[in-house]
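In what follows, chains carry the letters A, B, and so on, assigned in the order in which the sequence lines appear, proteins first and then strands, with residues in each chain numbered from 1.
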2 protein chains.
Amino acid sequence: MTAQGADVPEGDGQTTARTAASPGASNGADANGTSIAVPAARERARSIPEAAVARLAVYLRALSALAEQDITTVSSEELATAAGVNSAKLRKDLSYIGSYGTRGVGYEVEVLIGQIERTLGLTRKHSVAVVGIGNLGHALANYGGFPGRGFPVSALFDLDDDLVGVPVGGIPVSHIDDIVEVCSEREVTIGVIATPTQGAQEVCDRLVAGGVMCILNFAPIVLQVPEHVEVRKVDLAVEMQILSFHVARRQQEAANAVDGAASDGGPPGGGAGLPGEIDSANRMVERL
Amino acid sequence: MTAQGADVPEGDGQTTARTAASPGASNGADANGTSIAVPAARERARSIPEAAVARLAVYLRALSALAEQDITTVSSEELATAAGVNSAKLRKDLSYIGSYGTRGVGYEVEVLIGQIERTLGLTRKHSVAVVGIGNLGHALANYGGFPGRGFPVSALFDLDDDLVGVPVGGIPVSHIDDIVEVCSEREVTIGVIATPTQGAQEVCDRLVAGGVMCILNFAPIVLQVPEHVEVRKVDLAVEMQILSFHVARRQQEAANAVDGAASDGGPPGGGAGLPGEIDSANRMVERL
DNA sequence: TGATGTGAATAGTTTCACAGCC
DNA sequence: GGCTGTGAAACTATTCACATCA
């Protein structure tokens, strides 16, 4: 996972920085005149734990699947199973956004979908720009306008002049030099960096200059961004290495069966022979 | 980010399941005869917090970059900055794998690299199979044998007969029906699922049957796997939605400026001219 | 003197278990 | 009877702060 924040504070494995939000009293009831303009719809909505936010997105997908099957009601148990969590956690997570269930019955699928969407800010459209139209960039650009709701890809950028002007996934590629202009013009809020490591910080700076507020970074580099910009990182190498760690741990555990009584509850299946060990220099060739 | 586990327990945001490891005494000193075969190299190595494991991979990259610049020593402060964490956390993380620093001086880059690689199990090669050679699959197959050390891609699979046999990134694509056979033959330990949602569970089952121990899943579905298989999920939609949440939160916070006395302890940092006030609608366009 | 390594304090997250309501 | 919502307990992770040592 791997956090990625401006500088100091962090949350879970992969998380955006700071925690903000003054603890004390909630910011709800501030009966003042100006509230007229604001429909009083989304008030509190703070203080939702980072970890819970991530899971809300997962619940949302599970709920959408249910809705498609014309299922109108779910229990926390059912939804939890579909989302791969336990029901206590699910109920707790949902409690952060309000009480929309019915005791003894469950949740109304449509209602929950609406509430989660509201909480995640999905009622507003977020234009996406993808920078770096290589293999990964293509994949992202063709990602069906981004799954589900409001993430239309509205700009693509690359360095390569042969690519500029060519439409990918219906949108013509612009040159990287025009990031600032195009992004502010098309009101891009989310930038996706799919460039090689070298260009990433430069691209990031331009996206920020173009008014982008969030960045999803596939380049294996820690980006420097101003405080008001949110960064999330997806790092394939890190994911693989975490998996590697778990394999190693498991094998080591298995090896510790040298000790144990017969059945120590360990991994019975799997088996297979383990190769020996390698060992060498190790070079770091980044690519993308 | 979203956990993904067989059924119940989970860790941080994105984590593999169970915690295993008996707490009590470490498994170190078990002076028995069979220890001859085992070089007594990697013994304990348990009990490293999930979150720390993820960061070790990040430190490793930062260290590799330093090594390439022929830098031989780093302080926790420097390395922490490079990795985007604070130094206390870094020192704590490193302390889980042992004491390899020198007080008053710092860490030797090469030594740390070696120790982290050992801890992450990178001294063993992990063959990778990629299933689903679409846009994303191509990107993954061409990922340069996977960044850095030991993750050679050694098998590719797709459903499409037009693709079977065609080499991608130097490796010919095999048919999905041959997953079990090919994977066990080539001793694949890590499977990457880059298929559409529909096929994902089926593919997963075959990978498992083929002896794969870890799965990196790009399909937006919660996979069912036996206990001994580790799954990690990368979900673009979830990432985007988390970002969306943060935008929404920030805008909502800005809107709450309706209230505030002048300085309510909000983000004072940033310094610089920073955008002063925001109008009702509130747009966040930073210029340069 | 300067930086590591780590116990103790704090913060965040998950799980338990049960009151409350349908 | 069944299921939600939620305090409180348990657990995990981060930060502090300082003893320790080269």
Gap between atoms CD and C1', on B:Gln115 and C:dG5 respectively (whole Å): 16 Å
Given atom CZ of A:Arg91 and atom C1' of C:dT14, what is their separation to the nearest angstrom? 13 Å
Rounding to a whole Å, what distance do you find between A:Tyr96:OH and D:dG5:C1'? 12 Å
Here the distance between atom P of C:dT4 and atom CD of B:Glu78, to the nearest Å, is 9 Å
What is the distance, rounded to the nearest whole Å, between atom NZ of A:Lys92 and atom P of C:dG12? 15 Å
Would you say the side-chain atoms of B:Ser244 pair up with the backbone N or O of B:Met240, donor to acceptor, closer than 3.5 Å? no
Do B:Arg103 and D:dT20 have a side chain to base donor-acceptor pair shorter than 3.5 Å? yes
State the CZ-OG1 distance between A:Phe151 and A:Thr189, to the nearest 0.5 angstrom. 8.0 Å
Whole-Å distance, B:Glu50 CD to D:dT14 C1', equals 16 Å
Quick one: is A:Asn86 getting a side-chain N or O under 4.0 Å of the C:dT14 phosphate, OP1 or OP2? no
Determine whether B:Leu56 and B:Leu94 make a side-chain contact, defined as any pair of heavy atoms from C-beta on separated by less than 4.5 Å. yes
Using a cut-off of strictly less than 4.0 Å, decide whether A:Ser76 has a side-chain nitrogen or oxygen near OP1 or OP2 of D:dT4. yes
Length of the CG-C1' vector between B:Leu90 and C:dG5, whole Å: 12 Å
Return whichever of A:Pro49 or A:Val105 has its heavy-atom-nearest nucleotide of DNA chain C closer to the 5' end. A:Pro49
Within 6.0 angstrom of B:Glu108 CD, more than 12 heavy atoms from elsewhere: no
State whether B:Lys89 places a side-chain N or O below 4.0 Å from either non-bridging phosphate oxygen (OP1 or OP2) of D:dA13. no
Rounded off to whole Å, could you give me the CG-to-C1' distance for the B:Asp93 and D:dT12 pair? 13 Å
Can A:Glu50 and B:His246 be counted as having a side-chain donor-acceptor contact under 3.5 angstrom? yes
Ignoring backbone atoms, establish whether A:Tyr107 has a side-chain N or O less than 4.0 Å from OP1 or OP2 of C:dC22. no
